[in-house]
Undergrad: 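Would you mind keeping the following structure in view while I ask a few things?
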Amino acid sequence: TVAATYFPVKSPVCPIKATVDNMVLTRESSDELTISVRQKQGNTPIMKLGLKCDANTAIWQKLKLKLIGSCVDGNINLVSVWKDVDKDGFFTVADSTPGTESKYPGRITYGTEIFTNRDLEIKFKEEQVIPSTYTAYYFVTYNIDQFAELGKTLGAEITDMTFFSVQVPDEVAVDPNLVLPFKTKEA
C-alpha cells in the first residue's frame with residue numbers, strides 16, 4: 001500500500017518562453033540607385049532589402065531611413081516600400097502596377113511618406129511576415145519632385161539595426177558580409 005501523505009505529487013512549475021528569432025538583413029541587399037535621376041521621376045529604385053529569419057518567422061513593423069546627399073527634404077515628394085510580389089528579386093512592373101480600384105498590391109506603405117529633417121520612420125499598412133525558408137525582397141523607392149533642385153544629389157542610409165522594428169521578442173541582425181551603415185551611392 002501507498003501512504004496518502006505523499007499525495008498529490010507535483011512537478012516543478014516552469015515558464016514557457018518565446019523563441020527569439022533574428023530577422024537578418026542579408027548580403028543580397030543592394031544599392032539600386034542609378035547614376036542620375038530626373039525631376040518628376042516616379043518610383044525611382046533606391047535600395048533593395050533582402051530579409052530572412054534564422055529559425056522561425058518574424059513580424060517586421062517599421063523601417064527608418066536617413067536622407068543622404070545635398071538635396072533637401074522637399075526634393076523627394078514620396079517614399080515608398082514595395083514587396084517583391086512576383087518573388088523574382090527585382091523591382092519590376094509586376095511589383096508596382098496598380099490592381100483593382102487603383103490600389104497597389106505591392107506597396108506596403110500608405111503613399112504619404114515624406115522626409116522631415118532628413119529622417120523618416122515608416123509604419124507599414126500591414127505588418128510583414130519575414131520567412132525563414134527563403135529571402136524576402138523589399139524595395140525602397142523615391143518620387144522625385146517636379147521642381148527638385150538641379151545638380152543636387154540624393155540617396156538613403158540605414159545607419160544601424162535600430163532602423164528596423166520587429167515584434168518583440170524577435171531581434172534584428174545583419175549578415176556578417178554586409179557592413180553598416182548600409183548606404184546607397186548618391187545620384
Side-chain angles (χ1 to χ4, degrees), residues 10-33 43 45-68 78-101 103-115 119-142 155-184:
K10 295 181 182 179
S11 70
V13 177
C14 298
I16 299 172
K17 295 183 178 183
T19 57
V20 178
D21 303 303
N22 287 307
M23 181 183 82
V24 179
L25 180 63
T26 68
R27 65 177 178 225
E28 288 88 6
S29 300
S30 62
D31 173 0
E32 297 290 301
L33 194 55
N43 292 334
I46 303 298
M47 63 174 49
K48 174 171 81 172
L49 303 174
L51 302 172
K52 184 177 180 179
C53 289
D54 60 354
N56 300 304
T57 60
I59 306 297
W60 183 28
Q61 301 169 315
K62 294 180 192 174
L63 173 67
K64 286 196 273 188
L65 293 172
K66 184 177 287 283
L67 177 62
I68 60 173
L78 177 63
V79 179
S80 296
V81 179
W82 303 84
K83 185 175 188 168
D84 185 14
V85 175
D86 55 3
K87 298 181 180 164
D88 66 353
F90 300 97
F91 184 62
T92 62
V93 174
D95 302 317
S96 61
T97 300
T100 58
E101 303 171 16
K103 293 182 180 178
Y104 293 88
R107 184 163 58 199
I108 64 170
T109 50
Y110 290 96
T112 58
E113 293 78 12
I114 58 172
F115 284 103
D119 290 317
L120 173 61
E121 182 173 278
I122 302 168
K123 184 177 190 303
F124 305 134
K125 290 188 290 189
E126 295 178 4
E127 296 174 335
Q128 299 298 299
V129 178
I130 305 303
S132 61
T133 55
Y134 63 91
T135 300
Y137 295 102
Y138 292 85
F139 303 92
V140 176
T141 64
Y142 289 171
E157 175 181 310
I158 296 173
T159 306
D160 57 40
M161 293 181 293
T162 65
F163 277 49
F164 292 92
S165 294
V166 294
Q167 191 175 66
V168 173
D170 294 333
E171 298 176 350
V172 179
V174 176
D175 186 292
N177 297 312
L178 190 66
V179 178
L180 290 180
F182 178 53
K183 292 183 182 186
T184 66

Undergrad: Output every pair passing ring-ring contact (aromatic ring centres under 6.0 Å, His included) with a member in residues 161-180, not counting sequence neighbours, ordered by first then second residue.
TA: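 For residues 161-180: Trp60-Phe164.
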Undergrad: Taking atom NZ of Lys64 as the centre, does the number of heavy atoms from other residues, nucleotides or ligands within less than 6.0 Å exceed 12?
TA: yes
Undergrad: Do Leu49 and Leu63 come close enough that some side-chain heavy atom pair is under 4.5 Å?
TA: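 A side-chain contact exists here, since the closest heavy-atom pair is under 4.5 Å.
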Undergrad: For the residue pair Ser132 and Lys52, what are the closest heavy atoms and their distance?
TA: O-CE, 3.1 Å
Undergrad: Heavy atoms only: give me the nearest Cys53-Ile130 pair and the separation to one decimal.
TA: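 Nearest heavy atoms, Cys53 then Ile130: SG-O, 3.4 Å.
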Undergrad: Looking only at non-hydrogen atoms, find the nearest pair between Thr57 and Pro131 and report the distance.
TA: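 Shortest heavy-atom contact: CG2-CA, 4.1 Å.
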Undergrad: Is a side-chain donor or acceptor of Tyr110 paired with a backbone partner of Ile122 at a separation under 3.5 angstrom?
TA: no
Undergrad: Would a distance-only check, ignoring hydrogens and angles, find a side-chain to backbone donor-acceptor pair under 3.5 Å from Glu126 to Phe124?
TA: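 Not at all, since once roles are kept as given, no pair shorter than 3.5 Å links the two residues.
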Undergrad: Could you note down all residue pairs passing salt bridge (Lys or Arg N to Asp or Glu O under 4.0 Å) where residues 162-176 supplies at least one of them, sequence neighbours left out?
TA: none
Undergrad: Ala55: what forms a side chain to side chain contact (heavy atoms under 4.5 Å, CB included) with it, not counting sequence neighbours?
TA: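 With sequence neighbours excluded, Ala55 shows a side chain to side chain contact (heavy atoms under 4.5 Å, CB included) to Asp21, given in chain and number order.
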Undergrad: For Lys62, what residues pass the salt bridge (Lys or Arg N to Asp or Glu O under 4.0 Å) criterion, not counting sequence neighbours?
TA: Glu121
Undergrad: Please test Leu51 against Leu25 for side-chain contact (heavy atoms from CB on, under 4.5 Å), starting from the C-alpha separation and ending with a verdict.
TA: CA-CA 5 Å; Leu51 302 172; Leu25 180 63; 3.9 Å; yes
Undergrad: Does Leu180 have more than 12 heavy atoms from other residues, nucleotides or ligands lying within 6.0 Å of its CG?
TA: yes
Undergrad: For residues Glu28 and Lys48, report the shortest heavy-atom separation together with the two atoms involved.
TA: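 In terms of heavy atoms, the two residues are closest at O-CE, 3.3 Å.
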Undergrad: How far does CE of Met47 sit from CZ of Phe139, to the nearest 0.5 angstrom?
TA: 12.5 Å
Undergrad: Give, for atom OG1 of Thr97 and atom OH of Tyr104, the distance between the pair rounded to the nearest 0.5 Å.
TA: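 So the OG1 of Thr97 and the OH of Tyr104 are separated by 8.5 Å.
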Undergrad: Could you check whether any side-chain N or O of Thr109 sits under 3.5 Å from a backbone N or O of Ser80, counting only pairs where one atom can act as donor and the other as acceptor?
TA: no
Undergrad: Could you walk me through whether Leu67 and Tyr142 pass side-chain contact (heavy atoms from CB on, under 4.5 Å), step by step?
TA: CA-CA 11 Å; Leu67 177 62; Tyr142 289 171; 4.0 Å; yes
Undergrad: Please find the pair of heavy atoms, one from Gln128 and one from Tyr138, that lie closest to each other, and give the distance.
TA: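 What the structure gives for the nearest pair is OE1-OH, 3.0 Å.
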Undergrad: Checking the side chain of Asn22 only, and the main-chain atoms of Asp54 only, is there a donor and an acceptor separated by less than 3.5 Å?
TA: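 Absent.
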Undergrad: Between Val129 and Ile59, is any pair of side-chain heavy atoms under 4.5 Å apart?
TA: yes
Undergrad: Would you give me the side-chain donor-acceptor pairs under 3.5 Å for residues 87-94, sequence neighbours excluded?
TA:
from: Asp88; atom 1: OD1; to: Phe90; atom 2: N; distance (Å): 3.0
from: Thr92; atom 1: OG1; to: Asp86; atom 2: OD2; distance (Å): 3.2
from: Thr92; atom 1: OG1; to: Ala94; atom 2: N; distance (Å): 3.4
from: Thr92; atom 1: OG1; to: Asp95; atom 2: OD2; distance (Å): 3.3

Undergrad: Just so I know, are the side chains of Ile158 and Leu65 near enough to count as touching, which here means a heavy-atom distance under 4.5 Å?
TA: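 Touching, per the 4.5 Å side-chain cut-off.
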Undergrad: Judged by atom type as modelled, is there a donor-acceptor pair below 3.5 Å linking the side chain of Ser29 to the main-chain atoms of Gly50?
TA: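 Yes, Ser29 side chain to Gly50 backbone: donor-acceptor pair under 3.5 Å.
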Undergrad: Side chains of Thr141 and Trp82 only: does a donor on one sit below 3.5 Å from an acceptor on the other?
TA: yes
Undergrad: Hey, could you give me the OG1/CG distance between Thr184 and Leu33, rounded to the nearest 0.5 Å?
TA: 5.0 Å
Undergrad: Report the residues that fulfil side chain to side chain contact (heavy atoms under 4.5 Å, CB included) with Pro169, sequence neighbours left out, ordered by chain and then residue number.
TA: Ala18, Val20
Undergrad: Do the side-chain N and O atoms of Glu32 and Ser30 include a donor-acceptor pair separated by under 3.5 angstrom?
TA: yes
Undergrad: To the nearest 0.5 Å, what is the distance between OG1 (Thr112) and CG (Leu78)?
TA: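 Nearest 0.5 Å value for the OG1-CG distance: 8.0 Å.
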Undergrad: With the side chain counted from C-beta on, respond yes when Lys66 and Asp119 share a heavy-atom pair under 4.5 Å apart, and no when they do not.
TA: yes
Undergrad: Do Val172 and Met23 touch side chain to side chain, with heavy atoms closer than 4.5 Å?
TA: yes
